[in-house]
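Proteins come first, then strands; the chains are lettered A, B, ... in the order of their sequence lines, and each starts at number 1. In what follows, every heavy atom counts, from backbone to side chain, and hydrogens, waters and symmetry copies are set aside.
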Amino acid sequence: MKKKTYIYRRFERFWHWNQALLILFLALTGFEIHSTYKLFGFQNAVIMHNIAAWALLVLIIFAIFWHFVTGEWKQYIPTTKYIKAQINYYIIGIFKGAPHPTNKTVYNKFNPLQRLIYLGLKLFVIPVQIITGFIYLFYVYPDSPAIFFNLEIVAYIHTIGAFMLLIFVVAHVYLTTTGDTPLSSIKAMITGWEEIDIDNEEVRMAHLQKAVEESVAGYYRLDKDGNITDVNDAWLKMYRCKDKAKIIGQHYSKTRDKRNISEMDSIVKRVFKGETITGIPVIRRCFDESVGKHILSANPTYENGEISGIEGFVLDINETEELTDHMYYTVRNSSAGYYHLDENGNIVDVNDAWLKLYKFDSKDEVIGNHFTFTRNPEDKPALEEAYRKVMDGETITGEIATRKCKDGTTGKHILSANPITIGSKVSGMEGFILDISGLEETV
Amino acid sequence: MLTIKQSQNKFFRLLFFFIAIILPWIIGGVYVLNRSDREKNVKLINYKVNTIPEVDHSKFDILKQDFKTPQQITEACLSCHNKTDQEVMATSHWKWAKPYIKDNGDTIMLGKKNIVNNFCIGTKSNEKLCSSCHIGYGWKDMNAKFDNSRNIDCIVCHDQSGIYKKATGDYGLPAKKEMVICGIASHPFDYKKVLKSIGKPQRHNCGACHYVGGGGNNVKHGDLEMALNKTSRKVDVHMGVNSANMGCIECHKTKRHDIKGNLYSIASANKNRVSCEECHTEAPHKNPILNEHTDRIACQTCHIPEFAKVNPTKMYWDWSTAGKFNPDGSMMMKKDSAGAMTYHTKKGSFIWAKNVKPEYIWSNGEARHYIMGDKIDPKKTVHLNYFKGTYTDKNSKIIPVKRFTGKQIYDAKNNYMIIPHLFGKDTTSYWLNFDWNKAAKTGMAEVGLPYSGKFGFVSTQMDWPVNHMVAPREESLTCTECHSRNGRLAKVTDFYLPGRNYNNLLDVIGVIMILLSILGVIIHATLRIIKK
């Protein structure tokens, strides 16, 4: 499946084009210093070359920082998988109109050949050019501590590096024309958007991870001893905790009132036996000593086939006025469902709990449909209003909604919804639902 | 579908992106183009112009006497300036010699008595003429003691009348009567006029000897000549009447008659040198890259692009062709179109040049000299002096020199240089008898070395550092004079010079690789288009 996707972010493009310009400019002035031709005049060429060198150094320091902060450095991890196929494609396949052997996705932007070449540039050629260049710049005849470097050797290495970069530029510019259309790759590097393959599994994993991090549902994870190993921002907010470091490593009992500990202990014990808890109302003790109520899910985490801890979600119900203490016991057996909609309101992803709640057998029955198909017609206006709110950037926590299941029956749940943003653009929404169908019967 | 607002938004985002890339380049470009490396004012330290008048010697009665001999004048000077004689006689201007450590470690006094040059060769047996440039009266034998203070010639350096002149060829004495020696006339003059003018040495006092070394104006140095007495900024930025108008002793500072500076025809130690840095500092430029150069490049290298800017200087002197006469028996003399002598029966053939680009060498300030008696290899050019210094010696700088070459007489059996007896009204002097054998025999007897009776002519070379005729800054060398493939430093090959050095193989391989990659791209693209 191909889709117009935001693939190169703003800094990435700024860095790419400025680096390209700087490398070409350094080559232009550098070969004048090499006496290959006369252009700016030797002195101007030297001054310009030096300024450009400093600019490139600063740019690369920012770029290194960016690669680590965004995790984009992982795109450059080399792989031998498909490398032969990629070479074969460029030598043979491309002339026969064969498809690219590897798919370009947001999480795998580079083919194995690109990974290898770019990594070589980043780890070898450019560092060598910068190091030899600055030795050259600061090499003051024998007074210099760099006496053990012979300037001649430094200069030759620098020249070799320059030739290698120029050869790279020739090949690189040419290979940009091997995209969908000759100009599509260059256009993508300018605008950031490109028609690329979507790897559903990959997108889903990333969204889930992001959903957990940014969701309004609190997420927590405990280790074998019941100590907290991770929580997300929503969890911290719910517990009114400002410093994550204060909670990590603490025993879960710290987050409970004394009278509730025994209940919690029994839940934990059950989960460690392999049971999954889907929606239990509990009372938490926040960091400012206030007390709150939420619905909690818990499931065991496995490592090498053995239970290694517990994780789960919590959804705040303090703000849900309609719910009484009595009510949330009714959702004891519900499970937290996850959904993800795109900017048109179509369902992109749901989890198994969601399917179970809606009584669907398979994801395929759901994905691609507009979200309204799970609703009664009379609820549509209210729902679309809520959807628009989220698409405008609002976040919804704990709203009660009625769902229409596959078999025509209806159910009630509380849902959370938060927008998904790429850059400053809202590209969809996602959230969790917890079942409260028992409510009606009880009332 | 994009709404107008959305497409506007998209446009402005791309515009912003474009500006973010282009803006740093514009700032950088404006900076480089508006950068000014020229100092508004020349940075100077330690430079003072003396404006307070000095002693007026015309007021002293003792100098108003009727002097018969120049020695009487010296006595009068010393009657006030007592002990000054000892100052003067301690200088190398008096001694014509400086200590020199030989290769075997012995320290000797090296001077005109035991060195050779490739102009008029040597002083031994020719003292009568050579002493014309000594600051004494009547130095006849350079091996004998010469320490009578009456014989100090105070006037030659202190006369400001311009009429005092030592006679040519009378042991440094002024003419007592009209005389003509070697075609040069010397006249007696009025001492009273001279003595009224006594003052601090001016350019013409120094120039009396230093302009005319080698037997004529600008023959030896190339950067020191009569034109400097009154010159323009263009010829010498320090001495020009339309610039600083400085005299010799403003740089060659003098303490108790010991004048700063070295003449490397004799000097060998890196001592007592005049330096530009003394006034201009070691970082005189605004551009730090230029200041970095001062570590290894002498100021003169860039700031004296050429010498002999007014009159030509002698570059080559071949003694082996001397002794040819016209058919009528008269002496043969040839001149080039500019009027410079290119052949003379007495001296042989010459090459002159004007606006000469210097040669460049490494120098750490120390020089070595050929000493009479040193063995030579007649198949090779004999270096009568040379400078110590290499790229790896961090005290060495690249300096400009005038390289003077020639051919001169040597003992073909003993393989050492000969000082011939050139000048004198006797039966052996070359300039009267034109017999090298006789001249060599007399000369070497005076030197105190055996002469085998066989002589030949050997190629010789001397380097004379060029320090004067400093050009105005707008005429100083630009980068590519040296930083280019065939620049001025093409012969100073012991280091890597950006812009000059390159590895030919590496460049060829590099260019071939680029061309191959372009060719590959063209073939690949063509195939893609055809197959489509």
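Heavy atoms closer than 4.5 Å to chain A are found in both the backbone and the side chain of B/I518. If you measure heavy-atom distances from B/L506 to chain A, the contacts under 4.5 Å come from both the backbone and the side chain. Neither the backbone nor the side chain of A/V173 comes within less than 4.5 Å of any heavy atom in chain B. Heavy atoms closer than 4.5 Å to chain A are found nowhere in B/F18, neither backbone nor side chain.
Contact count against chain A (heavy-atom pairs under 4.5 Å) is highest for B/H524 among B/H524, B/H293, B/H483. Interface check for chain B: of the options A/E32, A/R13, A/K96, the most heavy-atom pairs under 4.5 Å are formed by A/R13. No other option in A/L166, A/T177, A/L175 has as many heavy-atom pairs under 4.5 Å with chain B as A/T177. Per-residue heavy-atom pair counts under 4.5 Å with chain B were compared for A/F25, A/Y90, A/F42, A/F40, and the maximum is reached by A/F42. Note: B/L527 leads B/L527, B/T480, B/V32 in heavy-atom pairs under 4.5 Å with chain A. Top candidate by heavy-atom pairs under 4.5 Å with chain A, chosen from B/L33, B/I530, B/V521, is B/V521. Highest contact tally toward chain B, considering only A/I91, A/I51, A/L21, A/V169, is held by A/L21 [criterion: heavy-atom pairs under 4.5 Å].
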Discussion item. Test side chain to side chain contact (heavy atoms under 4.5 Å, CB included) on A/Y89 and A/Y82; report intermediate values, then the result.
Written reply: CA-CA 10 Å; A/Y89 170 74; A/Y82 299 120; over 6 Å; no
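Using a 4.5 Å cut-off on side-chain heavy atoms (C-beta onward), B/Y360 and B/C482 make no contact. Looking at heavy atoms from C-beta onward, A/L22 lies in side-chain contact with B/W25 at the 4.5 angstrom threshold. Residues A/E72 and A/R9 form a side-chain contact, since some pair of their non-hydrogen atoms from C-beta on lies under 4.5 Å apart.
Counting only N and O atoms by type, the side chains of B/R488 and B/T301 include no donor and acceptor under 3.5 Å apart. No side-chain donor from either of B/W464 and B/N385 sits under 3.5 Å from a side-chain acceptor of the other.
Both the sub-6.0 Å distance and the 45° axial angle are not jointly satisfied by A/R10 relative to the ring of B/F17.
Here the side chain of B/N270 pairs a donor or acceptor atom with the backbone of B/N364 at under 3.5 angstrom.
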